[in-house]
Number of protein chains: 2
Amino acid sequence: MSLTHALLGLLATRPQSGYELTKAFEGDLGRYAWQAGHTSIYPELAKLAERGLVEVTAEGARGSKTYDVTDAGRAELRDWLMSPPSRQAKVRNEQVLRMFLLSALDRDDAVTLLRRIAASTAEQADVLRAIREEAGDVVPGPAGFGQLAAEYGLRQYETVSSWALWAIEQLQTPART
Amino acid sequence: MSLTHALLGLLATRPQSGYELTKAFEGDLGRYAWQAGHTSIYPELAKLAERGLVEVTAEGARGSKTYDVTDAGRAELRDWLMSPPSRQAKVRNEQVLRMFLLSALDRDDAVTLLRRIAASTAEQADVLRAIREEAGDVVPGPAGFGQLAAEYGLRQYETVSSWALWAIEQLQTPART
DNA sequence: AGATACATGTAAACGGTTACATGATTCA
DNA sequence: TGAATCATGTAACCGTTTACATGTATCT
């Protein structure tokens, strides 16, 4: 299960509470990679603790529990990350599904939709680019790992945006028969 | 539910049996966008028929049933495709999750993993490029809708591959402190 | 004092996967 | 004739989402 490894990975960067982990899934992680709400996170943490992959290292105010990965958890995570995904990895992307189904629309509708996609992805790329410029000034030297993910998102948006523009052109090219 | 609309979209391109729809999900559709096995497709087709969004237009050999979209189904599909995804669209991508969790690996492991990603995505891009060249000769004129999806996949792979190469460079740049 | 954010949990419903089951047709 | 492919279905299970539930600490 991917949630298992997502939690191990997040805890490997720093010990956190379930509440903080929940917030992490509301950011880029949930946006591009995997979603989870607190209602799946809390039970999963309990299961991981039972399996000895994580442990509660501190209990703070308001009943908060800080979890940390154990050595066994770290080993399990590395195993998962380094083992090539045996079969094809599972991908579920509603936005991409829409693109696959473009053929069900007439040309005008398809172009309208593609224009919207091009605009919104370009906009989101701009946002990420602005964030990168800011962060670039503050932290010089080799890119942090978080920056790798951010750059991934940026390039992703740029790619989709330019693809959409290309697709519009293709659809508008009159038939040569 | 996305499966609903995936089926409506596939049937909108041409009437098909559940068996044929199942095959469609085994190709690019299931690879990049959405997966479904026959055990979810057959019951879903029955539900769609009950709601009047599809109908059985022919029954062939070996008990096969050919489904087609109704006008109501077409309207429902257009609604879904054209309505901007209200909240953020659901994305689940195990491969991307791995990239987000790179930070849990030491530098050497991370580079090894990124190299593998760069190589495999470049390879898959090559495959798609080869297919495009072939198809390009056969079907001149404006791109078919299927070609839009194929181009999308190609650009996606190229982007991930070049990102991985960039990420490796970043990790190998010595700290400037 | 009241609103907001922090913090954790359970239970029912839902969607999808895996395992099980059956039978017809085609090909070697 | 036996294997592979075509073709459809059900049932149990599993992971996720939605709805429900509770209480604490901070800020205005």
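First the proteins, then the strands, lettered A, B, ... as listed; each starts at 1. Just so you know, these numbers use all the heavy atoms, side chains as well, and skip hydrogens, waters and symmetry mates.
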Trainee: How many Å lie between CE on Met1(B) and C1' on dT18(D), as a whole number?
Mentor: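 About 16 Å, once rounded to whole Å.
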Trainee: Do the ring planes of His5(B) and Trp80(B) sit parallel (below 30°), tilted (30 to 60°) or perpendicular (above 60°)?
Mentor: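 His5(B) vs Trp80(B) ring planes: parallel.
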Trainee: Would Glu76(B) and Val69(B) count as a side chain to side chain contact (heavy atoms under 4.5 Å, CB included) here? Give the steps.
Mentor: CA-CA 10 Å; Glu76(B) 165 64 31; Val69(B) 208; over 6 Å; no
Trainee: Working to the nearest 0.5 Å, report the span between CG of Asp108(B) and CG of Leu113(B).
Mentor: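 Rounded to the nearest 0.5 Å, the CG-CG separation comes out at 12.5 Å.
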Trainee: Reading DNA chain C from 5' to 3', where do the contacts with chain A start and stop? Cut-off is 4.0 Å to heavy atoms.
Mentor: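 Endpoints of the contacted stretch of DNA chain C: dC6(C) to dT17(C).
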Trainee: Should Arg98(A) and Glu94(A) count as an ion pair when the cut-off is N to O under 4.0 Å?
Mentor: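 Salt bridge present between Arg98(A) and Glu94(A).
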Trainee: With rounding to the nearest 0.5 Å, note down the distance linking OG1 in Thr159(A) to OH in Tyr152(B).
Mentor: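 Nearest 0.5 Å value for the OG1-OH distance: 8.5 Å.
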Trainee: Heavy-atom distance under 4.5 Å between the side chains of Leu11(B) and Leu48(B), does that happen here?
Mentor: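 Answer no - side chains too far apart.
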Trainee: With nearest nucleotide decided by heavy atoms, which residue, Glu20(B) or Gln35(A), maps closer to the 5′ end of DNA chain D?
Mentor: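 Per heavy-atom nearest nucleotide, the more 5' residue is Glu20(B).
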Trainee: Just the atom pairs and distances: protein N or O near nucleotides 24-27 of chain D's N or O, under 3.5 Å.
Mentor:
residue, atom, partner, partner atom, Å
dA25(D), O4', Arg62(A), NE, 3.4

Trainee: Applying side chain to side chain contact (heavy atoms under 4.5 Å, CB included) between Val160(A) and each of Arg155(A), Gln95(A), Gln124(A), Met99(A), report the one that passes.
Mentor: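 The passing option is Met99(A).
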Trainee: Out of curiosity, Tyr67(B) OH to Leu8(B) CG, how far, rounded to the nearest 0.5 Å?
Mentor: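 Rounded to the nearest 0.5 Å, the OH-CG separation comes to 12.5 Å.
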Trainee: Can you tell me how far CH2 of Trp34(A) sits from NZ of Lys90(A), rounded to the nearest 0.5 angstrom?
Mentor: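 It comes to 6.5 Å.
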Trainee: Which ones in residues 38-51 of chain B lie close to DNA chain D, meaning a heavy atom under 4.0 Å from one of its atoms?
Mentor: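 Within residues 38-51 of chain B, the residues near DNA chain D are His38(B), Thr39(B), Tyr42(B).
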Trainee: In whole angstrom, what separates Glu26(A)'s CD from dT17(D)'s P?
Mentor: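 To the nearest whole Å, that distance equals 12 Å.
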Trainee: How is Thr22(A) classified with respect to the nucleic acid when contacts are heavy atoms under 4.0 Å: base, sugar-phosphate, or nothing?
Mentor: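 The residue Thr22(A) makes no contact with any strand.
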Trainee: Starting at atom NZ of Lys90(A), determine the distance to atom C1' of dG15(D), rounded to an integer number of angstrom.
Mentor: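 Distance, rounded to whole Å: 10 Å.
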Trainee: So how far is it from Thr121(B) OG1 to Asp126(B) CG, rounded to the nearest 0.5 Å?
Mentor: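 Atom-to-atom, Thr121(B):OG1 and Asp126(B):CG are 10.0 Å apart.
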Trainee: How many Å lie between CD on Glu94(B) and P on dT16(D), as a whole number?
Mentor: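 Value for this atom pair: 11 Å.
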Trainee: What is the distance, to the nearest angstrom, from the CZ atom on Arg92(A) to the P atom on dT17(D)?
Mentor: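 The distance from CZ of Arg92(A) to P of dT17(D) comes to 11 Å, rounded to the nearest Å.
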Trainee: Report the C-alpha distance between Met1(A) and Glu44(A) in whole Å, list the side-chain angles of each, state the deciding distance to 0.1 Å, and finish with yes or no for side chain to side chain contact (heavy atoms under 4.5 Å, CB included).
Mentor: CA-CA 10 Å; Met1(A) 211 210 328; Glu44(A) 183 63 25; 3.4 Å; yes
Trainee: Send over the distance from Gln16(B) CD to dA7(D) C1', rounded to a whole Å.
Mentor: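 Taking CD of Gln16(B) and C1' of dA7(D), I get 14 Å after rounding.
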